[in-house]
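Chain A is the first sequence line, chain B the second, and so forth, proteins listed ahead of strands; every chain is numbered from 1.
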Amino acid sequence: MGSHVLTSVAWPYANGPRHIGHVSGFGVPSDVFSRYMRMSGHQVLMVSGTDEHGTPISVQAEAEGMTARELADKYNGVITSDLQGLGLSYDLFTRTTTRNHYRVVQDLFTALFKNGYVVPKKAMGAVSPSTGRTLPDRYIEGTCPICGYDNARGDQCDNCGNQLDPVDLINPRSKINGEAPKFVETEHFFLDLPSLAGSLEKWLATKTEWRPNVLRFSHNLLADLKPRAITRDLDWGVPVPLDGWRDQPMKRIYVWFDAVIGYLSASIEWAQRIGDPDAWKRWWLDPDAQGYYFMGKDNIVFHSVIWPGILLGQNGEGDHGGEVGPFGKLNLPSEIVSSEFLTMSGSKFSTSRGQVIYVGDFLRDFGPDALRYFISVAGPENQDTDFTWSEFVRRTNFELANEWGNLVNRAVSMAHKQVGAVPEANDQRDVDHELLGLSRGAFDEVGKLLQRSRFKQAMSEAMRVVSAANAYISNQEPWKLKDQPERRDTVLNTALQVVSDANTLLTPFLPHAAQKVHEALGRDGVWAAQPEIRTVSEADGPDYPVLMGEYAAEQARWQSTPIRPGAPLQKPTPLFPKLDESLGETGPDWAKLD
RNA sequence: GGCGGGAUAGCUCAGACGGUAGAGCAAGCGGCUCAUAAUCGCUGUGUCACGGGUUCAAGUCCCGUUCCCGCUACCA
């Protein structure tokens, strides 16, 4: 039995549908990784959910004329369905508005408070006079006191680049409704990061294997840590679990503090849902368990500093010492896997400028595996990467459909026509062994790359097997071997075995297609399991949808699976439909190119 | 402004530890016809952003410059 692997996937924010840049950062990489880990025998727990608190949710809710909860429900539904469609194999994809999550956040808050890592402090802050809500700096604009630019933001002037304090803006106004913000002194709780910096530094020093940019960025953050406010004047969020605070309608724990705790609360919820309430501990308390966290680069600070800081505080392991909290001594992240950004025409996806490709639209027109393939082979793994429709069409048609899809098609189709079943291999020669050796050797090679989250290179190596198989068929010319049926059958058998091996290698990337190939080879049952949407209930709370799946029952293993001679074969249908090449020039109707 | 990342063939990108630049696509030529007009073989191409430095040797290390991208912690 393999070790326990926790796959913690960044929580998509539920203020709107997610675009393909989002899922290229956290979604596809984490799923490829988890599927590979399961196939190679590890006990994987993959958790996430929608992140549903915070000012932007409230603002968007007002814009759409509904309550924050209604808005969260709406986009939780959209996002859950998108991720299900993409085939992301979460053991639990839940949300931050559950009773369970509130309880875990409050328990963690209390533990940190008791250990002295969460402290009350008075601070000046902007609030909206009409609603009484905290007005984040980014929602304030006004005239820059330094250069006189009229549309300076509360935290920074886009014109002169200086960092600003909203108090200093001339004629400050709310971007939400235009009113002038009120600056008041309010009491809030702060996470005392400086008292955790020493322990964080010690922990980080052991992480020499991380990607250098994540390490450098994190070390820099540690050099200048300040206490950070974790509550706000808001009516939307987890209540502060202390007497005198609990019932205040306008004091809430703020979203970034509660969202990262979701990794823990979702693990606990998962254990309850499978009827084994202590099961989460195998991933969180066993020191041998590994925790991999997947996110876009904008999220590094929360995962390399703040979340580990919260965990250290709960464990009583900062400068103030303290007791181990109610959850036991929790594991810190083993690995932070951060992606760069998928860009469009060289800049960030932007909802406001309409420069955006939503996951739902994409899946409806092109299906999950084409997107998964593109992100895996051309995604923003090491640097920002531009998405273009022409590149997408080229990758899909020439690589996915022509090389891989057509290999499956030609091999199965020939065996079907000549034999009607998986043929016997009674005349094996060196060329056959050579090809089989290549595909078997690839498991080790591709596996090592996947373990290190080198997805692009892993995919290239897997596709190398596909190319070799195409070359083998062309060289052996089985269609010319009508008078040597035994040799012909052996060639076809070898080709089908390598199709099977390549399919296994590609399963983490292309699980939907992998299931089809599995069946095309005359097998049955579930090869690669898919997540399903289930409606679950909670005591004292409303029902909600989650993603879960029966992944332990899938057949896929990270090894060569022998094909069974005699298994009947059907005439295959193309694995991947080809895209109209004009799509590359124009884009789809819903995202026309200029 | 501060911090980080990037700049390599027409295009998209690889290039731990420094040792005379790689892959795929596109282009040209040839083969094959089993297959989704699919596939297989052969053939080119680069002042590795710019300027200095260290070194026997630098795309790779150091300094400076330019351009692009991101973050800058009250966006999440």
Side-chain angles (χ1 to χ4, degrees), chain A residues 10-15 51 53-57 59 123 125-126 134-140 146 153-157 160-163 165-166 188 193 211-214 216-218 220-221 223-226 228-229 232 254-256 259-260 295-302 305-306 340-341 343 346-348 377-378 380-386 388 390-391 394-395 397-403 405-418 454 456-457 460 463-464 467 469-481 488 491-492 495 572-578:
Chain A
W11 290 53
Y13 199 56
N15 66 337
D51 176 8
H53 294 124
T55 306
I57 298 276
V59 171
T134 295
L135 199 53
D137 291 357
R138 293 258 171 131
Y139 283 97
I140 301 172
I146 296 167
R153 287 181 293 150
D155 54 344
Q156 184 177 38
C157 174
C160 64
N162 283 295
Q163 273 198 55
D165 192 310
H188 282 295
L193 287 165
R211 294 182 185 173
N213 63 328
V214 177
R216 203 168 328 184
F217 184 71
S218 306
N220 270 324
L221 289 168
D224 185 30
L225 281 183
K226 298 189 185 90
R228 195 166 156 154
R232 295 287 188 281
Y254 201 50
V255 59
W256 62 258
V260 284
M295 73 214 69
K297 63 179 168 183
D298 54 335
N299 241 326
I300 294 175
V301 60
F302 294 99
V305 175
I306 290 178
E340 306 294 303
F341 284 140
T343 58
S347 54
K348 232 174 130 171
V377 78
E381 196 171 302
N382 304 310
Q383 59 180 270
D384 292 351
T385 303
D386 216 30
T388 62
S390 59
E391 180 72 358
R394 189 186 70 67
R395 294 272 188 191
N397 285 359
F398 290 90
E399 295 178 12
L400 251 199
N402 288 358
E403 288 181 42
N406 184 57
L407 171 66
V408 175
N409 212 305
R410 70 195 295 209
V412 173
S413 158
M414 222 180 318
H416 164 255
K417 214 183 290 177
Q418 307 292 337
R454 302 287 300 259
K456 289 173 135 174
Q457 213 183 330
S460 309
M463 288 300 280
R464 210 175 286 278
S467 296
N470 270 320
Y472 169 86
I473 295 177
S474 293
N475 292 335
Q476 296 309 307
E477 305 182 307
W479 53 89
K480 285 187 179 168
L481 298 172
R488 180 200 62 195
V491 169
L492 291 177
T573 53
L575 198 52
F576 302 103
K578 291 231 236 176

>> Tell me whether the side-chain N/O atoms of A:Asn402 come closer than 4.0 Å to OP1 or OP2 in B:U39.
In response: yes

> So, is A:Lys578 close to the B:A38 phosphate, meaning a side-chain N or O under 4.0 Å from OP1 or OP2?
Replying inline: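 Yes, such a contact exists.
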
Round to a whole Å and report the spacing from [atom1] of [X] to [atom2] of [N].
X        : N     : atom1 : atom2 : value
A:Leu492 : B:A35 : CG    : P     : 12 Å
A:Trp256 : B:C74 : CH2   : P     : 7 Å
A:Phe302 : B:C74 : CZ    : P     : 8 Å
A:Asn475 : B:C34 : CG    : P     : 16 Å
A:Asp298 : B:G4  : CG    : P     : 18 Å
A:Ile306 : B:C71 : CD1   : C1'   : 13 Å
A:Asn470 : B:C40 : CG    : C1'   : 9 Å
A:Glu399 : B:A26 : CD    : P     : 9 Å

> Which residues pass the side-chain contact (heavy atoms from CB on, under 4.5 Å) test with A:Ala469, sequence neighbours left out?
Replying inline: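 If we apply the side-chain contact (heavy atoms from CB on, under 4.5 Å) test to A:Ala469, skipping adjacent residues, the hits are A:Leu407, A:Val498.
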
> Could a donor-acceptor pair under 3.5 angstrom be found where the side chain of A:Asn406 meets the base of B:A35?
Replying inline: yes

>> Output one letter per nucleotide in nucleotides 9-16 of chain B: B when a protein non-hydrogen atom lies under 4.0 Å from the base, S when only the sugar-phosphate is that close, - when neither is.
In response: ---SSSS-

Short question: side chain of [X], backbone of [Y] - any donor-acceptor pair under 3.5 Å?
X        : Y        : value
A:Asn470 : A:Glu403 : yes
A:Tyr13  : A:His53  : yes
A:Asn409 : A:Gly405 : no

>> Checking A:Arg394 now: which residues fulfil salt bridge (charged side-chain N to carboxylate O under 4.0 Å, His left out) with it, not counting sequence neighbours?
In response: A:Glu391, A:Glu399

> Residues two or more places apart in sequence or in another chain: which of them pass salt bridge (charged side-chain N to carboxylate O under 4.0 Å, His left out) with A:Lys417?
Replying inline: none

Which whole number of Å gives the distance between the [atom1] atom of [N] and that of [M]?
N     : M     : atom1 : answer
B:G4  : B:U43 : C1'   : 43 Å
B:G70 : B:U36 : C1'   : 41 Å
B:A21 : B:A49 : P     : 14 Å
B:C61 : B:C67 : P     : 23 Å
B:C25 : B:G59 : P     : 28 Å
B:C62 : B:U54 : P     : 15 Å
B:G24 : B:G41 : P     : 10 Å
B:C11 : B:C17 : C1'   : 32 Å

> Going from OG on A:Ser390 to CZ on A:Arg395, what distance comes out if it is rounded to the nearest 0.5 angstrom?
Replying inline: 11.0 Å

Using a 4.0 Å heavy-atom cut-off across all strands, classify [X] as base, sugar-phosphate, or nothing.
X        : result
A:Thr55  : sugar-phosphate
A:Leu135 : base
A:Val301 : nothing
A:Pro478 : nothing

> Could you write out RNA chain B as a dot-bracket string, with dots for unpaired bases, | for bases paired across to another strand, and Watson-Crick or G-U pairs counted at under 3.5 Å?
Replying inline: (((((((..((((.....[..)))).(((((.......))))).....(((((..]....))))))))))))....

> Hey, which of these two, A:Leu575 or A:Trp479, hits RNA chain B nearer its 5' end, going by closest nucleotide?
Replying inline: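 Here A:Trp479 is the residue nearer the 5' end.
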
Let's see if you can work this out: which of [options] has an atom nearest to the side-chain heavy atoms of [X]?
X        : options             : answer
A:Glu477 : B:U36, B:C32, B:C40 : B:C32
A:Arg410 : B:C34, B:G70, B:C32 : B:C34
A:Lys297 : B:C34, B:G70, B:U36 : B:G70

>> Does A:Asp51 form a side chain to side chain contact (heavy atoms under 4.5 Å, CB included) with A:Val255? I'd like the steps, not just the answer.
In response: CA-CA 8 Å; A:Asp51 176 8; A:Val255 59; 3.1 Å; yes

For nucleotides 27-31 of chain B, which of its nitrogen or oxygen atoms have a protein nitrogen or oxygen under 3.5 Å away, and what is each distance?
none

>> Could you walk me through whether A:Asn402 and A:Lys578 satisfy the side chain to side chain contact (heavy atoms under 4.5 Å, CB included) test, starting with their C-alpha distance in whole Å, then the side-chain angles of each, then the deciding distance to 0.1 Å, before giving a yes or no?
In response: CA-CA 9 Å; A:Asn402 288 358; A:Lys578 291 231 236 176; 2.8 Å; yes

Can you name the closest pair of heavy atoms from [X] and [Y] and give their distance?
X        : Y        : value
A:Ala229 : A:Trp256 : O-CZ2, 3.2 Å
A:Thr55  : A:Tyr139 : CG2-CE1, 4.0 Å
A:Leu575 : A:Val408 : CD2-CG2, 4.0 Å
A:Asn299 : A:Ala10  : ND2-CB, 4.1 Å

>> side chain to side chain contact (heavy atoms under 4.5 Å, CB included), that's the test. Do A:Ile473 and A:Met414 meet it? Break it down for me.
In response: CA-CA 11 Å; A:Ile473 295 177; A:Met414 222 180 318; 4.2 Å; yes

